[in-house]
Amino acid sequence: MTDVPELPAWLAALLPLRRSVSALADGSRIHRIDHGAPDAPVVLMLHGNPTWSFLWREAIARLPELRCVAPDLLGFGLSSRIALHEHGIDRHADALAELVTRLELRRFVLVGQDWGGPLATALGARLPERVAGVVLANTSVVTPTHPRGTWFHRFARVPVVSDLVFRGLGFPQFALGAVQGDRASIRGLVSRAYRWPLRHLSDRAGPLALARMVPGSLEHPSMPALRRGEAWLHAFVAGGGPLAFVWGERDPILGRGLARHVRAFPTATVTRTQAGHFLQEEVPAELAAAIRDVAGRSGML
């Protein structure tokens, strides 16, 4: 364990949860929320782009019976920064697998939203014996047959201009409310909390890198890892592993993606909501209920 970075008073008041930092073998540091009794059943929560563990605070507050571990991906939150070219599914999944091993998390419910979904399945493929259940929210773990990405992801691949907008102007962290069902759900100090870890120009490679990790063709470097993750999830469900989807159908990025996930995994339980992309800010109770249900069905509760 290493020292935990202090938060400014206004942010500490919004995040009154226990936090820790672990050093990996390569010297990088992963910051995480690690809240709950050490011997309680574990839920591992993975965020996406361009957020950090702060995203899970409201769901965690509703799960007092669980130990909730929510790491910041490398390049995000208070974890170590890595270069633009270092970001990739395998790089992130390897770091998460090392963290899980170091923390001796033997069995857990795996939860992912946005890029946290594909990273969750990539992690599951690495440590299949440790995953007891899976909850996915507004993400994409079904490998596209004709990958293009949204306008957001296509824009991220435009040379020079995307670098200026993402890194120079701090996009998209200043505009998260635009993809919400209720735009007021991310404003004021909450909006500031998402911008704060990436406030310096040198911190902003992550959001651009993750946007570029979305495949634009079948030859994209992300495709092999996405296929392996999806194959693991099919095997997990076929073996009786519980899977739940919680979806915000007013998400302009992935709201329509629920239908193809239900077709691919018809036995999954589904919770539909009118939330937007970052549904943790709008329907944390529904997320917590799905996590608790999957933990119960997996025999952890």
Side-chain angles (χ1 to χ4, degrees), residues 46-52 55 72-77 79-96 112-123 136-180 186 194-195 197-230 248 251-258 260-261 276-278:
L46 304 182
H47 71 83
N49 195 16
T51 57
W52 59 300
L55 180 70
D72 294 342
L73 299 178
L74 291 173
F76 292 84
S79 290
S80 295
R81 302 307 185 228
I82 57 176
L84 184 70
H85 71 275
E86 293 183 278
H87 287 269
I89 296 176
D90 288 327
R91 175 73 169 92
H92 285 291
D94 286 344
L96 292 167
Q113 184 263 338
D114 189 83
W115 259 114
L119 294 180
T121 59
L123 178 61
L136 298 172
N138 287 57
T139 186
S140 181
V141 298
V142 177
T143 308
T145 54
H146 300 90
R148 292 183 67 240
T150 67
W151 68 267
F152 170 79
H153 306 108
R154 294 194 294 274
F155 173 73
R157 295 192 281 268
V158 177
V160 183
V161 177
S162 63
D163 203 277
L164 173 64
V165 173
F166 274 80
R167 297 215 269 192
L169 300 181
F171 181 73
Q173 50 268 29
F174 64 75
L176 301 187
V179 296
Q180 293 296 85
I186 300 182
Y194 287 114
R195 300 193 306 271
L198 303 175
R199 62 196 180 280
H200 300 303
L201 186 67
S202 59
D203 292 330
R204 296 176 185 165
L208 178 58
L210 262 62
R212 289 179 176 176
M213 278 166 50
V214 173
S217 71
L218 291 174
E219 292 72 39
H220 191 279
S222 292
M223 290 297 291
L226 291 173
R227 292 189 180 104
R228 289 193 297 271
E230 183 182 2
D251 175 4
I253 303 171
L254 289 168
R256 299 184 194 177
L258 177 60
R260 64 191 180 95
H261 284 78
H277 185 64
F278 301 105

Subject >> Which residues share a side-chain contact (heavy atoms from CB on, under 4.5 Å) with Arg256, sequence neighbours left out >> reply: none
**OP:** State, yes or no, whether a side-chain contact exists between Pro50 and Leu210 at a heavy-atom distance under 4.5 Å.
**Re:** no
Original post:
So, Ser79 side chain and Asp72 main chain: donor-acceptor pair closer than 3.5 Å or not?
Top reply: yes
Original post:
Listed by chain and number, what are the ring-ring contact (aromatic ring centres under 6.0 Å, His included) partners of His153, not counting sequence neighbours?
Top reply: none
Subject >> Atom of Phe76, atom of His47 and distance for their closest heavy-atom approach >> reply: CB-CE1, 3.8 Å
Original post:
Leu254 versus Thr150: any side-chain heavy-atom pair under 4.5 Å?
Top reply: no
**OP:** Using side-chain contact (heavy atoms from CB on, under 4.5 Å) as the criterion, list what pairs up with Asp114, not counting sequence neighbours.
**Re:** Asn49, His277
Subject >> Any residue meeting side-chain hydrogen bond (donor to acceptor under 3.5 Å, both in side chains) with Arg195, in chain and number order, not counting sequence neighbours >> reply: Ser191
**OP:** Taking all non-hydrogen atoms of both residues into account, name the closest pair between Pro207 and Arg204 and its distance.
**Re:** CD-O, 3.5 Å
Subject >> Atom pair CG/CG of Leu55 and Leu46 - distance to nearest 0.5 Å >> reply: 11.0 Å
Subject >> Residues in side-chain contact (heavy atoms from CB on, under 4.5 Å) contact with Thr143, at least two apart in sequence or another chain >> reply: Met223, Leu226, Arg227, Glu230
**OP:** Can you run down the salt bridge (Lys or Arg N to Asp or Glu O under 4.0 Å) pairs that involve residues 211-226, sequence neighbours left out, and say none if there aren't any?
**Re:** none
Original post:
Of the non-hydrogen atoms in Pro147 and Pro144, which two are nearest, and what is the gap between them?
Top reply: CB-CG, 3.6 Å
Subject >> Min side-chain heavy-atom separation Ile253-Phe152 under 4.5 Å >> reply: no
**OP:** Would you please name every residue forming a side-chain hydrogen bond (donor to acceptor under 3.5 Å, both in side chains) with Arg260, sequence neighbours left out?
**Re:** Ser140
Original post:
Which heavy atom of Pro118 sits nearest a heavy atom of Val141, and at what distance?
Top reply: N-CG1, 3.8 Å
**OP:** Please name the pair of heavy atoms, one in Ala156 and one in Leu208, separated by the smallest distance, quoted to 0.1 Å.
**Re:** O-CD1, 3.7 Å
Would you tabulate the side-chain donor-acceptor contacts of residues 164-178 under 3.5 Å, counting partners in other chains and residues two or more places apart, or write 'none'?
from   : atom 1 : to     : atom 2 : distance (Å)
Arg167 : NE     : Asp163 : OD1    : 3.4
Arg167 : NE     : Asp163 : OD2    : 3.3
Arg167 : NH2    : Asp163 : OD2    : 3.1
Gln173 : NE2    : Gly170 : O      : 3.4

Subject >> Approximate separation, where rounding is to 0.5 Å, of Thr139 OG1 and Asp251 CG >> reply: 10.5 Å
**OP:** Quick one: closest heavy-atom pair of Gly248 and Asn138, and the distance?
**Re:** N-OD1, 2.7 Å
Original post:
Excluding sequence neighbours, so at least two apart, what forms salt bridge (Lys or Arg N to Asp or Glu O under 4.0 Å) with Arg81?
Top reply: Asp203
Subject >> Reported CZ-to-CD distance for the pair Phe278 and Gln180, which is rounded to 0.5 angstrom >> reply: 6.5 Å
Subject >> From Asp90 atom CG to Ser222 atom OG, the distance as rounded to the nearest 0.5 Å >> reply: 9.0 Å
**OP:** Sequence neighbours left out, what passes side-chain contact (heavy atoms from CB on, under 4.5 Å) with Ala95? Give chain and number order.
**Re:** Leu24, Ile30, Leu74, Arg91
Subject >> Listed partners of His92 passing ring-ring contact (aromatic ring centres under 6.0 Å, His included), at least two apart >> reply: His87
